[in-house]
Every structure is written in structure tokens, then in C-alpha cells.
Amino acid sequence: MVVPRHWREREHRYRLVATKCKICGRIYFPPRSVCPNCGRKSIGNMEKLQLSGNGTVYTYTIVHSGMNAFKLQKPYILAIIELEEGPRVTGQIVDAEPNEVYIGMPVRMVFRRIRQEGASGIIHYGYKFAPR
Amino acid sequence: MVGIVSYGAYIPRFRIDTGEIARVWGEDPNRAKKSLLVESKAVAGPDEDACTMAVEASRYAIRRWGGDPADIDVIYVGSESHPYAVKPTASILADALGASPHVMAVDLEFACKAGTAGLISAMAMVKSGMARFGLAVGSDTAQGAPGDALEYTAASGAAAFIVGSQGVIARLNGFHSVTTDTPDFWRRAGRPYPRHGGRFTGQPAYFKHILMAARGLMEKMGTGPEDYDFAIFHQPNTKFPLSAGKRLGFPKEKILPGIVVNKIGNTYAASMLMGLARVLDKAEPGQRILAVSFGSGAGSDAFDFTVTENIEAIRVDGVPTVDELIERGRFVDYAIYAKYRGKILMGDEE
């Protein structure tokens, strides 16, 4: 990922800031600047919404053969989290063993390193989830 | 009135038994347990660093406080393991908390006392009226060279304190600091592990500065050990703070509530602050605390606090106490610890 893209996305990656359509009320995470439901009417009607970071495991998988960036953590848990406010988000589950995770497990957002651009490049921080 | 308005601690989940470290280096497995009184230490996971732990501790502090992070006007992050040599941890923290952009944020470094240097500086900003609220964090993923005596205790953890003049839970009564050029422990630029002066780190370094700062503060305040309910000292091991307290005339009972090093090791910039957080977890309104940090190189910051009735209001659900964080530990062996802490020589990243 190039530096400006990571920088541009830091608000939602660091803090789970979503957008909400003021017309239909739908909440989007990652944030969208246009609501697919309301189309052009939503332009200028999307507001930022700070998500609580709490959610439950909607489904999950255990990754045994993943990207090299996650080599030190394998096998690791990758899950789809249903957030309290509705959006579902893909994220890693940490501070839990593969045999401890289950569908419906309450989790909360935590701030972790996601990857780095080599030993001299920038560090990408962002959200993961841990048992609540 | 200026003082602490909230606090939060973070201890990573992994632990290593000091006996396991001794096993690898062919030493007496009870060495650290008997001589240093340290049973285990906290180990950060491979996706954690001083910045992620600073964020977690600060988020707990903000949740207890219930205030708006945008009201924080100054942020100091003290660490000797900032993830970047150049690029502040404090700017990442400010953004992650939602305190950005109207905030003065900067990193500090002074071995194990950078966190308390941030605490007094934030308090000074609030007291002078230059900041509404301040945040001071001590966070470290401390590294000892493999096989070095430091490896038994060099640990990971963070403690964050929000300071202000409204809703104060621990009022600052007084402060005293001492600094001298004492090369007891150092790490040169670009080197991965620190070096130290062995026994030289004790008498002319730790004890001299801790005792001088504590005595200087008590002289300023016209107080003695009998005036304090708790005494907290920087804790590179369990033996040193107990010994420093004894020499100052504090009974063991006033020192033990602030001891965390026996279970989680020396969390460096978070060490004394973690002890202070543990004491605040249980302190009653009206109780008085003496807290003294030590940073190699060398200096000490001594604080005199009185707990206020506001302490009850910040004991909220969903924010773990220091003891709860200590108890959640999961033990790993030396191989996993070495992998997590970057002590294995890896191939090039793809």
C-alpha cells in the first residue's frame, strides 16, 4: 500500500469511523461518500459516525497458510465481525486461541500493527478484535 | 487544583517465566525469583509495540474519564522503544484517540522516567492555563540482550494518565526532580540492545536518585513517611523498591500495593506509573501517595498526590484494573518469546 493511501484511510483504520446516510439511515463501513441505496440524493448527506468498536463474531476461519506479513502469528483467526451498529467488517481476532473462538463471541476493537513496508518503511496500524 | 483526572493501564497478554529464560542460558532457574523476586514478565505480541500499547492504555483512560478527546490539548509519550527513530508515536496516538489536529503532541525519551517527565510537563501545562487537559503516557517494549541479566526483567506494558483541573481524582500536592550525568545504562543510536554498568546501576544510580528525589520532595512539603499511605518507586525488580522504601522509613505494607514487577517485569517508562495505577485501583479518598520514578542516565521525578472523592466515579465497568490485566496472562516458552520479540534472524521480507 502506498503511503498516501494508508494516510488517507487512517481515520477509519485507527478509529472505526463510518459514514451514515442522512436520507435512509444506512451505515457504511468502510465509509462511503455516496449511499448506494439513495444514489445522487445522498451526495452531501453522508455524515461521519464513530462506531463503538463492539461487535460479535459473525463467522470466522483459521488461517494456516497466509500472507508472509502474518507469518509470526499463524495459525491466526480471521473473522467477519458484526458491529453493534450493523456493518460487518473483516478483521483478525487476537488475544484468543483458534480453539477459543466461536460464532457469536463478543469482541471489541483493539489497535494493533497490521503490517509494515519492510524494516525501513512505514508501519500500518489499524483495527483488530479481541474477546470482550 | 491540578492533578490526575483519569488513568488506564495496558499489559500485553503473553508472559514468560523467568525460570524458562534461565533454562535457555544455563543458569539457576530460581535465580531471578530469589535474587530479584521476579517470577515472570509480560511479553508483547508480534503485532504490538510501544505505540499500540499507548493507544490501548489511553483508550481505557478516556473511557474512565468520559470526556471528549478533542479537549486534550497536550500529549506526551515517554518510551525508549518508540517504533520509529524519526516520526512521533505521539502523532499516531493523537489521531487514534481523536485528539488530533488541535493538540501539541511530542515524544519523550529518558530511559525509564520519560513517562513521568511527561506527566509533570502535562500538569505544568494545565496549571499554567496553556492546556485544558493533558495526556501523559509511558509505554515500552523493553529489550534486554539475549542472555544478559536484563533479559529476566525487560518487559512490555503501558500506563496513561489524563491530567486536568476539573474532576481531579488525585491532587498534585508537590513535585521534586533530580538529574545528574550518570552512565549506568545506555543504548547507542542504531544498536538493538542496551548496555549497563552491572552493579553500578544500583547504589550510584537507582538508589542515589530515588532517595534524593524522595527526600527533596518530603523536605519541600514538610512531610515524613508517616504522612503517606502508599509509597511507589520505579521497579526494575522487586528488591530495589523495597530496599529504597526501607531506607526512607516506609514499612513494606505501604510499598507492596504499588508493586507489579514480580508478575510482569520492568515495563520501563510504564514501571512506576503502572504501580501508581494499581494503587489508584484501590485507594480511598483522602489517602496520600508518594510516587518516585527513576530513569537511567540518570534522574528521578517525585510526586506527592492526595486521592479525592472523585475516585469512585471513574471506577467504571469495562475498564480492567491492573490486577485484572496481570491475571489474564498466557505463558509462552522461550522459542515463542524469541519469535514474538524479534530475536530470531529472519529471511528478507517479500
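Per chain, numbering begins at 1; letters A, B, ... match sequence-line order. Every value quoted in this text rests on a predicted model; they were computed, and no experiment measured them. Side chains included, hydrogens not; waters and symmetry mates left out as well; all remaining heavy atoms used.
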Say you draw a straight line from CG of A/Leu72 to CE of B/Met346; how long is it, rounded to the nearest 0.5 Å?
-> 5.0 Å
Over 12 foreign heavy atoms within 6.0 Å of NZ, A/Lys41 | no
When A/Gln50, A/Arg108, A/Glu11 are compared by non-hydrogen pairs under 4.5 Å with chain B, the top option = A/Arg108
Inspect the surroundings of NZ in B/Lys263 and state if more than 12 heavy atoms from other residues, nucleotides or ligands are less than 6.0 Å away.
-> no
For residues A/Tyr14 and B/Val55, determine if any side-chain heavy atom of one lies less than 4.5 Å from a side-chain heavy atom of the other.
-> no
Neighbour count >12 (heavy atoms, 6.0 Å) for atom NZ, B/Lys343 = yes
Which side-chain N or O atoms in residues 11-19 of chain B pair as donor and acceptor under 3.5 Å with protein atoms at least two apart or in another chain?
residue	atom	partner	partner atom	Å
B/Arg13	NH1	A/Glu97	OE2	3.3
B/Arg15	NH1	B/Pro12	O	2.6
B/Arg15	NH1	B/Arg13	O	3.4
B/Arg15	NH2	B/Leu325	O	3.0
B/Arg15	NH2	B/Ile326	O	3.1
B/Asp17	OD1	B/Gly19	N	2.7
B/Asp17	OD1	B/Lys33	NZ	2.8
B/Asp17	OD2	B/Lys33	NZ	3.2
B/Thr18	OG1	B/Val38	O	3.0
B/Thr18	OG1	B/Glu39	O	3.1

B/Asp49 to A/Tyr125 - nearest heavy-atom pair and separation | OD2-OH, 2.6 Å
Under 3.5 Å, side-chain donor or acceptor atoms of residues 30-40 of chain A against the rest of the protein: list the pairs with distances, not counting sequence neighbours.
none

Under 4.5 Å heavy-atom distance to chain B, tell me which part of A/Val17 shows up: side chain, backbone, both or neither.
-> neither
Residues of residues 97-109 of chain B under 4.5 Å from chain A (heavy atom pairs)?
-> B/Leu97, B/Gly98
Identify the heavy atoms of A/Gln73 and B/Asp47 that sit nearest to each other, and give their distance.
-> OE1-OD2, 3.7 Å
Heavy-atom side-chain proximity of B/Pro46 to A/Phe70 below 4.5 angstrom = no
Counting only heavy atoms closer than 4.5 Å, note whether B/Met53 contacts chain A via side chain, backbone, both or neither.
-> neither
Determine, step by step, whether B/Arg330 and A/Asp95 satisfy the salt bridge (charged side-chain N to carboxylate O under 4.0 Å, His left out) criterion, reporting the C-alpha distance in whole Å, the side-chain angles of both residues, the deciding distance to 0.1 Å, and the verdict.
-> CA-CA 9 Å; B/Arg330 177 172 169 265; A/Asp95 287 357; over 6 Å; no
Please set out all donor-acceptor pairs under 3.5 angstrom arising from side-chain atoms of residues 52-64 of chain A, sequence neighbours excluded.
residue	atom	partner	partner atom	Å
A/Ser52	OG	A/Asn54	N	3.1
A/Ser52	OG	A/Glu84	OE1	2.8
A/Ser52	OG	A/Glu85	OE2	3.4
A/Tyr58	OH	A/Arg88	NH1	3.3

For B/Tyr84 and A/Gly121, work out which heavy atoms get closest and say how close.
-> CE2-O, 4.4 Å
Is the CZ atom of B/Arg315 crowded by more than 12 outside heavy atoms at less than 6.0 Å?
-> yes
When you look at A/Val110 and B/Arg59, which way does the side chain to side chain contact (heavy atoms under 4.5 Å, CB included) test go after all the steps?
-> CA-CA 10 Å; A/Val110 294; B/Arg59 282 181 176 165; over 6 Å; no
Interface moiety of A/Arg15 toward chain B, non-hydrogen atoms closer than 4.5 Å = both
Taking every non-hydrogen atom, the tightest pair across A/Arg112 and B/Tyr10 = NH2-OH, 3.4 Å
B/Lys87 NZ: over 12 foreign heavy atoms closer than 6.0 Å = yes
Counting heavy atoms not belonging to B/Trp186, are there more than 12 under 6.0 Å from its CH2?
-> yes
Please flag which part of A/Arg132 lies under 4.5 Å from any non-hydrogen atom of chain B: side chain, backbone, both or neither.
-> neither
Please determine if B/Glu48 and A/Arg113 form a salt bridge, counting it only when a charged side-chain N lies under 4.0 Å from a carboxylate O.
-> no
